[in-house]
Amino acid sequence: MTDKTPESSPFWAAHVHADRRPVLLARGRVVAALRAWFAANGFIEVETGVLAVSPGNETHLHAFGTALVAPDGTAAPFYLRTSPEFACKKLLAAGEPRIVEFARVFRNGERGALHAPEFTMVEWYRAGEPYGSLMADCAALLREAAQAAGTWHFSFRGRSADAFAEPQRLSVAEAFGRYARINLLATLGEGEADRAALASAAVAAGIRIADDDTWGDIFSRVLVERIEPKLGIGRATILDEYPAGQAALARPSRDPRVAERFELYVCGVEIANGFAELTDPVEQRRRLEAEMEEKARRYGERYPLDEDFLAALAQMPDASGIALGLDRLVMLATGASRIDQVMWAPLGGS
């Protein structure tokens, strides 16, 4: 297909729609295949609210704000959700064992080939099951999506991956050692010495850093510049065991320096983020408050905590959960180069 950008012609122009339509029909087949797979595997499809008292509490995610106006004219701040996570976990606390949502989510300040301010996230949870189950789910869903789209491989900007090959599993520490020659585990601490050690290793790997970069900033720079482009080439990659400080909602692993969190990469593109859920409300509150302190320091804003979520967390069973970017999956299955190409009515403007 041609690479129609939002600036060239509106999506509703007949010639543009004719060019995009095969991909959009493929999207429909992928969605139907995924829904059928979840139903066949005992998942209940749920629908949770888009409006939320808290949109999520990650430092670098920015939400769309609005106000809920009561009949007496008083207004309370609300947000469009960045994820259905808090609501889905409340349903786990209520007793649902396996749930999935095809959720419309919203993230402000995100626009590009792989980012849209409004997109679709497939989020699912397994109560009482280890997060390794989610890895098996991902492999199955990749096969389902490819088959529905009529392809044997995924592709993105010259990179390709066999859709039916078993994903490679690689720890974050292994990836840093292999692709950046950095001993990541030796820098996992909270002191300035650990930040300095990672900074020195990053500079040696050719990464440019700023004096005020935190440990997390440096970690992200190395990940984006040296690691991610090497992942999911030839076959999907499951990047596992993230540093505990990069997994605010995940349970610690047997090695407390890392967490039971993984991301799924295909053709160098991150398409899913999953983990064993943290169920300690006291620790969860501490982590979310720390995220909001950092958000306030960086961006001058913070979002409220969802107290209802924290209360439900105390009743939630052990569980594993994951979010997958549907639009990116369709891009990979159809060879599209921009996320706008796989949306029926992409947001106009620049």
Side-chain angles (χ1 to χ4, degrees), residues 56 58-62 82-83 107-117 119 121 154-161 167-188 194-234 236-250 258-259 261-275 291 294-295 298-299 323-325 327-329 331-332 337-339:
E58 295 185 43
T59 298
H60 301 291
L61 288 188
H62 302 283
T82 59
S83 162
R107 297 183 179 181
N108 212 346
E110 296 192 4
R111 196 76 188 272
L114 291 168
H115 296 87
F119 61 99
M121 179 182 289
F154 297 114
S155 61
F156 181 71
R157 297 188 173 181
R159 300 167 179 158
S160 65
Q168 169 197 35
R169 186 170 175 178
L170 187 68
S171 75
V172 174
E174 289 171 335
F176 268 62
R178 180 178 302 179
Y179 299 122
R181 296 185 178 180
I182 292 175
N183 182 356
L184 185 67
L185 295 179
T187 75
L188 293 185
D194 299 290
R195 185 254 176 216
L198 183 58
S200 176
V203 170
I207 306 295
R208 182 178 299 178
I209 64 171
D211 291 340
D212 61 348
D213 278 345
T214 65
W215 188 98
D217 294 330
I218 302 168
F219 171 85
S220 296
R221 290 182 190 276
V222 177
L223 184 67
V224 170
E225 295 184 29
R226 292 290 184 271
I227 312 300
E228 289 185 338
K230 307 291 179 56
L231 303 179
I233 310 302
T237 298
I238 291 171
L239 189 65
D240 191 17
E241 296 184 346
Y242 271 69
Q246 305 299 308
L249 292 153
V258 299
R261 174 193 172 192
F262 75 89
E263 290 193 324
L264 176 68
Y265 285 85
V266 180
C267 300
V269 177
E270 182 262 312
I271 64 168
N273 179 24
F275 37 81
E291 290 278 323
E294 182 65 8
K295 190 178 195 71
R298 287 175 176 267
Y299 305 112
L324 181 148
D327 310 278
R328 289 186 179 184
L329 179 59
M331 287 179 64
L332 293 164
S337 60
R338 292 186 58 87
I339 197 168

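Values below: all heavy atoms of this structure, side chains included; hydrogens, waters and symmetry mates excluded. Not measured: the values here are computed from a predicted model.
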From CG (L114) to CD (E270), nearest 0.5 Å: 9.5 Å
Partners passing salt bridge (Lys or Arg N to Asp or Glu O under 4.0 Å) against R107 (at least two apart in sequence or in another chain): none
Taken in chain and number order and not counting sequence neighbours, the residues that satisfy salt bridge (Lys or Arg N to Asp or Glu O under 4.0 Å) with E58 are none
With sequence neighbours left out, write down each residue that passes salt bridge (Lys or Arg N to Asp or Glu O under 4.0 Å) with R221, or none if nothing qualifies. D213
By side-chain hydrogen bond (donor to acceptor under 3.5 Å, both in side chains) - contacts of D217 (at least two apart): T214, R298
A244 meets the side-chain contact (heavy atoms from CB on, under 4.5 Å) criterion, sequence neighbours left out, with none
Can you list, pair by pair, the side-chain donor-acceptor contacts under 3.5 Å of residues 198-211, counting residues two or more places apart and other chains?
none

Point-to-point distance, once rounded to the nearest 0.5 Å, from CD1 of I271 to CG of L329: 5.0 Å
When rounded to the nearest 0.5 angstrom, what is the spacing between OG in S171 and CG in L185? 7.0 Å
Please name all residues satisfying ring pair (Phe, Tyr, Trp, His ring centres under 6.0 Å) with Y242, sequence neighbours left out, ordered by chain then number. none
Could you work out, with side-chain contact (heavy atoms from CB on, under 4.5 Å) as the rule, every residue matching A175, not counting sequence neighbours? L170, Y179, I227, L239
Not counting sequence neighbours, which residues clear side-chain hydrogen bond (donor to acceptor under 3.5 Å, both in side chains) with T237? List them please. Q168
In chain order, what residues pass the side-chain hydrogen bond (donor to acceptor under 3.5 Å, both in side chains) check against E291, with sequence neighbours excluded? T59
Does R181 have any side-chain hydrogen bond (donor to acceptor under 3.5 Å, both in side chains) partners at least two apart in sequence or in another chain, and if so, which? none
Taken in chain and number order and not counting sequence neighbours, the residues that satisfy side-chain contact (heavy atoms from CB on, under 4.5 Å) with P243 are V172, L184, L188, W215, F219, Q246
